[in-house]
2 protein chains.
Amino acid sequence: MVRAGLTPERLTLAGAELADEVGFDQVTVSALARRFDVKVASLYSHLKNSQELKTRIALFALEELADRVADSLAGRAGKDALAAFADAYRDYAREHPGRYAAARLRLDPETAAASAGVRHAQMTRAILRGYDLTEPDQTHAVRMLGSVFHGYVSLELAGGFEHSAPDARESWAWIVDSLDALLRNRATPSHT
Amino acid sequence: MVRAGLTPERLTLAGAELADEVGFDQVTVSALARRFDVKVASLYSHLKNSQELKTRIALFALEELADRVADSLAGRAGKDALAAFADAYRDYAREHPGRYAAARLRLDPETAAASAGVRHAQMTRAILRGYDLTEPDQTHAVRMLGSVFHGYVSLELAGGFEHSAPDARESWAWIVDSLDALLRNRATPSHT
DNA sequence: AGTATCTGCCTAAAGCCTTTAGGTATCGGA
DNA sequence: TCCGATACCTAAAGGCTTTAGGCAGATACT
């Protein structure tokens with residue numbers, strides 16, 4: 001009886017791959033056990049329960065996405081940064097739909113506070129710093145950007161724009177453009 | 001043995017109520033059977049399967065939401081209409097989180113084409129008519145509005161804005177305001 | 001009214017998922 | 001080498017889905 005070499009990390013990664021293949025809500029402890037050719041009960045030595053598996057996948061995805069976004073943001077500012085941020089987000093969701101869905105899992109407050117979700121918020125604020133918004137506006141803008149990006153990507157993944165012209169990526173560009181204009185309009189009157 | 005008087009319609013409505021109470025993905029044929037104090041198998045005379053139950057709830061919610069939106073839109077135009085649309089959407093999600101989640105269920109193309117989803121799109125376009133956009137822009141705008149509203153409401157329901165100032169409804173107002181400004185800016189140069 | 005049919009809900013059963021309890025075999029260190 | 005820790009296993013209970021077939025109210029026809 002050769003050991004399979006299970007660890008929480010390997011299970012999480014395999015779970016993420018499984019999510020991309022069959023959808024996040026089809027990720028089950030049973031399916032994962034089959035993938036490792038191991039009995040279901042064996043996984044319960046490494047995972048507290050099914051919920052923990054999902055949470056781990058979510059945290060992993062948040063981390064991975066934050067890394068990607070950070071990379072594409074490097075050295076950019078203003079509209080350029082906004083577009084890079086948006087594209088990193090959308091590309092990740094298209095490449096890894098299951099992980100993206102995982103990243104949207106509702107986490108309990110403590111878990112969320114310790115997650116890469118915090119980095120996402122920081123990066124969003126960093127982009128907005130390029131637009132000179134006053135404080136309450138900046139928070140509103142963070143929320144708006146989050147909403148648009150999340151909303152668009154969800155709708156696109158759900159196939160909402162599939163059978164209609166124009167192409168989804170044109171709309172994406174138009175939206176990013178519009179958001180940039182909007183934020184520039186909201187900027188505090190320059191102090192020059 | 002008194003008959004329970006099950007019909008697909010009653011099951012759908014009860015399913016919608018159940019969704020609001022316990023969450024759409026906790027809606028199961030079993031839970032519904034318990035609610036009617038009837039054996040599980042009995043429901044299968046009225047429903048093909050669990051998926052059909054969910055689809056019916058989704059269609060019901062889309063219809064109900066479209067009715068509400070239509071009501072709040074009556075007699076309004078321009079920014080007033082935009083705000084009414086947005087509020088109807090958000091209010092519905094807050095009052096009926098389960099039904100709202102149901103309305104986001106992915107439907108197969110034919111079902112979707114025959115659903116109230118079509119009315120939603122028409123109403124969105126009706127609002128945009130107040131902004132004089134050229135054709136491709138109008139489509140982009142439809143997509144953007146859908147994204148923002150859906151995204152914001154999802155994030156708010158997921159508790160994303162819960163423990164931070166300012167209040168979610170201020171951000172909502174700010175966003176609606178911004179969208180109005182944005183659309184006015186995109187309007188085709190007036191022909192006066 | 002009396003009977004025949006039909007339909008609504010029931011019991012039974014199989015299949016899959018989760019989770020817990022307790023057993024056995026393997027690996028690494030003394 | 002042996003011994004403990006640990007990795008994976010068997011067994012079992014409980015829940016959800018779905019199908020097959022049965023009994024009894026409800027409906028309809030004479």
Side-chain angles (χ1 to χ4, degrees), chain A residues 1-60 98-99 101-102 105-108 111, chain B residues 1-60 97-99 101-102 104-108 111:
Chain A
M1 181 192 310
V2 185
R3 298 197 178 182
L6 307 176
T7 65
E9 289 69 30
R10 286 192 64 199
L11 290 173
T12 304
L13 181 56
E17 288 163 1
L18 186 57
D20 286 335
E21 291 164 26
V22 303
F24 184 56
D25 33 49
Q26 307 300 316
V27 173
T28 73
V29 178
S30 293
L32 206 51
R34 275 192 294 276
R35 175 166 282 227
F36 280 95
D37 203 30
V38 138
K39 298 296 171 185
V40 188
S42 306
L43 299 198
Y44 282 84
S45 313
H46 306 280
L47 299 169
K48 207 159 96 294
N49 52 36
S50 178
Q51 184 53 47
E52 180 178 313
L53 171 61
K54 287 182 179 149
T55 303
R56 276 178 181 279
I57 297 173
L59 293 174
F60 170 79
R99 300 180 196 196
L105 183 68
R106 180 169 190 168
L107 303 172
D108 55 290
T111 310
Chain B
M1 184 191 310
V2 185
R3 297 198 178 185
L6 307 177
T7 64
E9 289 69 30
R10 286 190 65 198
L11 291 173
T12 303
L13 181 56
E17 288 164 1
L18 186 57
D20 287 335
E21 291 164 25
V22 303
F24 184 55
D25 34 48
Q26 306 302 315
V27 172
T28 72
V29 178
S30 294
L32 206 52
R34 275 193 293 277
R35 176 165 281 227
F36 280 95
D37 203 30
V38 138
K39 297 297 169 185
V40 188
S42 307
L43 299 199
Y44 283 83
S45 315
H46 306 281
L47 300 169
K48 205 159 97 294
N49 53 35
S50 179
Q51 185 53 47
E52 180 178 311
L53 171 61
K54 287 180 178 150
T55 302
R56 277 178 181 279
I57 297 174
L59 293 173
F60 171 78
R99 301 181 196 195
R104 315 266 20 134
L105 183 67
R106 181 170 189 168
L107 303 172
D108 54 290
T111 311

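Chain identifiers are assigned alphabetically (A, B, ...) following the order of the sequence lines, protein sequences preceding nucleic acid strands; residue numbering begins at 1 within each chain. Keep in mind that this is a model prediction, so the values were computed, not measured. We use all heavy atoms of the structure for the numbers below, so side chains are in, but hydrogens, waters and symmetry mates are not.
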So, for Ala102(B) and Ala58(B), which heavy atoms are closest and what is the spacing to 0.1 Å?
O-CB, 3.2 Å
Which residues within residues 20-34 of chain A lie with some heavy atom under 4.0 Å of an atom in DNA chain C?
Thr28(A), Val29(A), Ser30(A), Arg34(A)
Could you tabulate the donor-acceptor pairs under 3.5 Å formed by side-chain atoms of residues 31-43 of chain A, not counting sequence neighbours?
| residue | atom | partner | partner atom | Å |
| --- | --- | --- | --- | --- |
| Arg35(A) | NH2 | Glu21(A) | OE1 | 2.5 |
| Arg35(A) | NH2 | Glu21(A) | OE2 | 3.4 |
| Ser42(A) | OG | Lys39(A) | O | 3.1 |

Can you tell me how far C1' of dT26(C) sits from CG of Leu6(A), to the nearest Å?
14 Å
Check DNA chain C against residues 38-48 of chain A and give the residues with a non-hydrogen atom under 4.0 Å, in numerical order.
Val40(A), Ala41(A), Tyr44(A)
Take the protein atom CG of Asn49(A) and the nucleotide atom P of dC17(C), then report the distance between them rounded to whole Å.
17 Å
Sorted by number, the residues of residues 8-17 of chain B with heavy-atom contact under 4.0 Å to DNA chain C
none
According to side-chain contact (heavy atoms from CB on, under 4.5 Å), who are the partners of Thr55(B), at least two apart in sequence or on a separate chain?
Gln51(B), Leu59(B), Leu105(B), Leu107(B), Thr111(B)
Measuring from atom CZ of Phe60(A) to atom CZ of Arg99(A), what distance do you get when rounded to the nearest 0.5 angstrom?
5.0 Å
Nearest heavy-atom approach of Tyr44(A) to Asn49(A) is CE2-CA, 3.9 Å
Without swapping roles, check the side chain of Glu52(A) against the backbone of Lys48(A) for a donor-acceptor pair under 3.5 Å.
yes
Identify the heavy atoms of Gly98(B) and Asp20(B) that sit nearest to each other, and give their distance.
N-OD1, 2.9 Å
Mind listing the side-chain donor-acceptor pairs of residues 9-18 of chain B below 3.5 Å, one per line with the distance, residues two or more places apart or on another chain?
| residue | atom | partner | partner atom | Å |
| --- | --- | --- | --- | --- |
| Arg10(B) | NH1 | Ala4(B) | O | 3.1 |
| Arg10(B) | NH1 | Gly5(B) | O | 2.8 |
| Thr12(B) | OG1 | Pro8(B) | O | 2.7 |

